[in-house]
Structures are given as structure tokens and as C-alpha cells.
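Proteins get letters first, then strands, A, B, ... in listed order; numbering begins at 1 in each.
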Amino acid sequence: MSRSVPIARRNILADRRRLAISTVGVGLAVALIFLLEGLWAGLLDQISAYPDHLDATYVARAASARSLVEGSVPPTALDAIRSIPGVTRADPVIAHYVILDLHGTKKPAVLIGYDPGGAGGPWSIAEGQPPSSGSSGIVMDETLAHDHGIDVGGSLEMQGRPFSVTGLSAGTQSFMGVAYVFTSLETARAVFGQEGTATFVLVDAEDAGRVGDEIARATGLAVETPDQVARDERELYATILGKPIVLMVVVAFVAGTLIVALTVYSAIVDRIREYGIAKAIGARWTRLLRIVAGQTLVLAALGLIAGAVFYEGGSRLIVALRPQFESVLTPRIVGEVVIAAIVMGLLAAIVPTRRVTRLDPADVYKG
Amino acid sequence: MGVPVGRKNLFSEPRRAVLGVGGVAVALLLVLMLGGIVDGAIREVTAYIDTSPADVFVAQAGVRNMHMASSTIPIDDLQTIRGLPGVSWADPIRYAPDAVSTASGRRIAYVIGFVPGGRGGPAALVEGHVPGSGEVVIDRRAAESLGVGVGEEVVLLGARWTVSGLTSGLTNLANTVAFITYREFEAATGTHGTASYVLLGGDAPAANLAATIERATGLSALPKSAFADQERGLVEDMSAQLIQIMNVAAMLIALAVIALTLYSTTLSHLREVGVIKALGATRSRLTGVVLSQAAWTVVTAVGVAVALAVGLSVLVSRVTTNVSILLEPAAVARLVVAATVLGLLGAITPMIKVWRVDPATVFRRNR
């Protein structure tokens, strides 16, 4: 009768307390990786919130513009667009960053000036109503408003002017909690001293392909679909923020790997006599590697499960306390983290394996 | 002379000590890195202001920032400012978000239009000369990332410009800064008759000058240091919440590794603990052993984390062109305090373990 002994499993489960601490540690590292990746995905989704909700065929803007607030469209270009056959609507929009000083905290926001009867305004008004043209009314993001005790009928100061809140919008935040605030085009022009120009023009057209080409020829502007504008926003901020995120993911991965390696190494050292016996009776390095890797992979798997649980709880808590930080887990992210956990387990086996393979069975019997 | 039992036990297994200290160090590195990235960004965001010869910065009423802000000042106000008592000089600048592009890529840039011979341009050049007609000065790091040098062309504000010179220290995580002449800015943007900000110097205290200007013009005027503080506040407020979330996760990871390291070390030396107890060691003595292990773990890990952070900051500055990691002594001091607290918390489980050791049980062959 031949029956192998599950050495790896027995060793790793021998000390439950150490296993628990290690699982928590690896789980936290894995949860941090999940969180970083999820926040990053959520951030990229939020970055393009405005263009994602645009109801327009095209966005015409300066040829060099890649972000929503860049560039300028002269009034002559707007007139040219409107004169092109097939254009059913051409609505100018002004978009600029502003800094709100709220309760001693600086909050960047994007002030959108749009024609209240046209496109480019808030896509979801949770409360109140849109601003009327030329008034000092604004629609602001409800999360930002509630964070600072502002309701419909309240007031907000921007650019040295008082504005009255006529409505609250839902889901109108961009990355890092940068909120959209909407006012009439006329008001925005007065605020920014921009007479006649726009940041971009929202165009509806029949025979979209022909009209798009004609607009580009007639004005020299870039003519893009809202999807393309959204992609530009995501790519732009991915370039800016991608590197720090990757750096932090790598550091979290290294931390998790070291925790797994430490746990298994400690378990091996505590049972070094048994490994000495195993070697003495002929266990080869491949067998020893399987024993060690079995332990590291078991611990990595437990850490992965714990990490998923911690992430679930942590992300819910974060959203409850800070709704602007939305974490989005996609199948790709989950797959990447699973692979990372496997690689973590394999890398963590290196140091303990070396300890075991270099072991002289005779040494373990010394007093 | 006492035997340093704690230290000897901790480092008796060098590889385990390295894994344990390394795990803690990596978790603490994450904390240092997060803070260092933010501190680096803050330094670079305020670089233009900090290196400016101006005593006071004037902006549109209600505007107290440059980064992510919009400011428009009627040019007539410039004459009013110049006529105020105590004002020795006043130079307008234009300021707008755009991007510097080449075939190699694109960097978000704040474009500053300054009056040649005035004080609103780059504080110093590392190469080349100030821009003339059709020329631009960009930051060296941006130039490296875009693969251009002095004499080569970039695209900015929808037009082509020749790089006449390079500055330094004006590229941060999110953007860089580019300088063209005031007139060319107006021509490129089609906007005239306004300034974005006014920089001024005088022979009165900056705070007095600022107050005088605000009273006379209704504009927003801040002494240079206060203006820089507003910029710092913006970056800190934007990043604070995300940093807090990441720091909590990193600290928990560090706590788990500390607990694991101390617990594993204690388990491995349970016999010695039993001997010490049998010889009459009091609980406080045993506590001291565990606490000394915690202290050694924390001190070594903090030292390794700081060394890794320094190395990483050098590596990152060479490998990337928009990420800087700045290590402030205050940040290291905070880390020491936090790590000390973590060390104390992590010592709890092993302390309980050693308090409960029965000297007789540790001499059994099988645990």
C-alpha cells in the first residue's frame, strides 16, 4: 500500500495562529492590489463621465485639444458649423476648471457653461431644476453639495461671484472627486470674460460622416465623437497617474510575497528536523521544492480569498465614507490579481527552498 | 552584563530576519512613497511661484490659485495697480491649460504668456535663451519625455513653436509649464485686453501691498508665500483622502508582518523562554525581551524603508519624467512614530504567548 503524506498541507496548517496572521497579512496586500486596481478602473470611468453622457453626434474642438477644458473655438467657426447642410444643432459649451473654497478645503471643479435649452448640461438632475439663461443659477453635483451642507436654494461662491443653487445633479463627478457645476453659457462667458468663444461645440447631424468631414475642412477643428473624446480623457490621465499606481501595486506585491516567504520559511525552520529526515531518506530537491511551493501556493490562495473579502468590505466602507472614490472590479482585474497571487506564491518559495536544499541531514541531529 | 536575548533571538535566523524586516520595510516604504509623491508634486506645483521675484500675486476676485484655476483681469486694472503707492513694478501674465506635443507624445502644460524683459517669465534657464517670436521655453524634463531639444519644434496652442530654451523644476506629476511672449499668447488664443494674473513687487510689506490692491481694485491679491500656500493646500486637499486610504492599508500590512515576525521568532525560541522562566525571569523581563525584538524590527525596518525610499526616488527620477519622490524629515519622523505604535501592537500576541509559557512543557520532544 502506497500513500503519500500531505507534508505541505500539514506543515502549513500546523500552527493555526501563525497561519491566521500570515493569511491576514497576505490578504491585506492582495486587498491593496485589488483596491489600487479597482480605484484606478473606477477613476478612469469617472474621468470620462461628461463625454460618456453627451447626447451629440460630434464634439468639435481645437485640433490640439485632448482634455475637456483645453482649447478655444472662435465665433466664426460656430457660424461656419451652423451653415453646413445636415447640421441640425450646434451648441457651444464653455468648460473651465475652478477652485471652490468650501469649509477651508479646496475643491477643484469644472464649471460648464451651456445653453439651458441645448446640449451639454447635467444628464441627471436629482433635485431642483436647470439654471435659466443669464441668471446666477447653477446645478451642482449632489455629493459635493451634501458634503458641504448645500441644498437647492442655497448659495455657492465661485470666481468671486455668488451663485444660487437651482438644482442638484447625480453622478456628475470626475476623477478624484472633481465635480461638475453647470451654469448658463451666458453666465459662464461673463465669469471667464469670454465673449463669443467656446471651449467646444456639440453638433447633431444627419449624414454624420459627410458633415464631420465638412466641419473639419471648413473650420480646421478636430471633429470627434463623444466616445473618442472620452477615450482621449482616459488616455490623458492614464499617462499622468498610471506610473504612481503601478509603483504602488508593485510595492504591495513585494510586501505580499515577503509575507508568504516569511511564513513558509518560519514553518520550515521550525520543522527542519523533518526536512532533514526527508533528505536523509532520499527526497530529491524537486520533491522538496514541491513541498515548499505547495505551502506557499496554499498560503497565497488563502491570502487571495482573504484579500477578496477584505477588498469587498474595504471598498464598501470607502464608498460609504467617500462616494467619489468608486472602485470597479472587472474580470480582467480579477484575473490579473489571481495570477499575481500565483506568482507571489512561486517567488516566495525561492528562499525557503534554498534553505531546505542546502540542508545537510547530519546537521539537524547536532545538539 | 545582560545578554541581549531579544536581539539575538530575532537575528538568530538571518534569512527569517531579512524576510520579516523586509516585509515591514516594504509596507513602510509604501507610506513613505505615497507621502513622497505628494510632497514632490507640491514642490513642483509651487515652483513657478516660489522662484518668482514677485512679492504679490494678483488674480480675479475670488481666485487664489493658478493650478486648475481660471483667472481673468481687465488690462485696465494693471494701470490702476501700477499707480498704487508702494508698487515698484507690475507685470501681467497670461495663463491657460494646453499641451506641448511632438511626434513622440504629449504633455499637459500650463502656458504662460509673459512680457519680455519683465518678471513673469522663467526664473532661470538651464539651456538656451528666452523666447522671441515663434519661440517657446519648456521644461527640461518635459523636453526629455517628448524627445526634443533646443532648436527643435513643438506644437502648442494649435501652432508650431521652436524651443529656444529649457527651464528646470517646472514639470510635476500632472503637467509642465511652457513660456511664450505675451503678444504671441494673445495672437494664438485670439484674446486681447485681459491678463490672467499680475505679478508685482514693491517697497512696502507684501501683506500691506496685497491689502491695498484688494481695496483699490476688488481683485484677489496675496503675498507670494500665501499664494504658494494656497497651491499647496489644493494638492494636499485633493490627495489627502486617497493617501489616507492607502496609508491605512499599508500600516495594517506592516502591523501584520511585525506580528508575524515577532510571533515566529518567539515560537522558534520557546525553549529558551522556558529556560529563562525556569531560572526566575519575571513577566516584565520576558516582556522586555519581546519588546526589544519589536524595537529592533521597527528600527531596522524604518532604516531599510528610508534607504529604499531614497534609492527609489533616485531611480524614479531617472526612469520617469513626471514623478518625483520627495522625502521630508517630518514625514520620516511621523513614520517612526507610527512604526513604534505598530511595533507595540504587533508585540501583543507574542507577549501573551511568552507569559503563558509553562517551563515544563517546552522540554517535551514534540510540541
Measure [X] against the heavy atoms of chain A and call it side chain, backbone, both or neither at under 4.5 Å.
X	answer
B:L255	neither
B:L308	neither
B:T191	neither
B:L219	neither
B:I37	side chain
B:T349	side chain
B:S70	both
B:D98	both
B:V316	side chain
B:M33	side chain

Donor-acceptor contact present, side-chain [X] to main-chain [Y], <3.5 Å:
X	Y	result
B:R106	A:S64	yes
A:S72	B:T189	no
A:E70	B:A96	no
B:D237	A:T105	no

Return the option, out of [options], with the maximum number of heavy-atom pairs under 4.5 Å with chain B.
options	answer
A:G193, A:P108, A:G71	A:P108
A:H96, A:R355, A:E195, A:Q194	A:R355
A:K107, A:M158, A:R66	A:R66

Practice item. For each of B:T72, B:L157, B:V235, tally heavy-atom pairs with chain A at distances under 4.5 Å, and name the one with the top tally. Key: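 Going by pairs under 4.5 Å, I would pick B:T72.
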**Study point:** Residue selection (most heavy-atom pairs with chain A, distance under 4.5 Å) from B:G20, B:G190, B:G218, B:A25
**Key:** B:G20
[X] versus chain B, the contacting section by heavy-atom distance below 4.5 Å:
X	answer
A:L35	side chain
A:Y265	side chain
A:A109	neither
A:L39	side chain
A:A255	both

Less than 4.5 Å apart, any side-chain heavy atom of [X] and any of [Y]?
X	Y	result
A:L258	B:V257	no
B:V63	A:V98	no
B:R64	A:K106	yes

**Study point:** Qualifying residues under side chain to side chain donor-acceptor pair (under 3.5 Å), relative to B:S324, sequence neighbours excluded
**Key:**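 With neighbours one apart ignored, the set is B:E44, B:R141.
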Practice item. Verify side-chain contact (heavy atoms from CB on, under 4.5 Å) between B:Q230 and A:I99, making sure each step is shown before the conclusion. Key: CA-CA 10 Å; B:Q230 294 285 320; A:I99 303 293; over 6 Å; no
Check your understanding: For A:F310 and B:L252, what are the C-alpha separation, side-chain angles and deciding distance, and is it a side-chain contact (heavy atoms from CB on, under 4.5 Å)?
Key -> CA-CA 12 Å; A:F310 293 151; B:L252 288 174; over 6 Å; no
Please table the atom pairs, donor to acceptor, closer than 3.5 Å between any side-chain atom in residues 17-33 of chain A and protein atoms at least two apart or in another chain.
residue, atom, partner, partner atom, Å
A:R18, NH1, A:D270, OD2, 2.7
A:R18, NH2, A:D270, OD2, 2.9
A:S22, OG, A:R18, O, 2.8
A:S22, OG, A:T263, OG1, 2.5
A:T23, OG1, A:L19, O, 2.7

Point to revise | Evaluation steps, side-chain contact (heavy atoms from CB on, under 4.5 Å), between B:I253 and A:I259 | key: CA-CA 9 Å; B:I253 293 172; A:I259 294 170; 4.0 Å; yes
Check your understanding: Which one of B:V26, B:L29, B:L30 satisfies the side-chain contact (heavy atoms from CB on, under 4.5 Å) criterion with A:V254?
Key -> B:V26
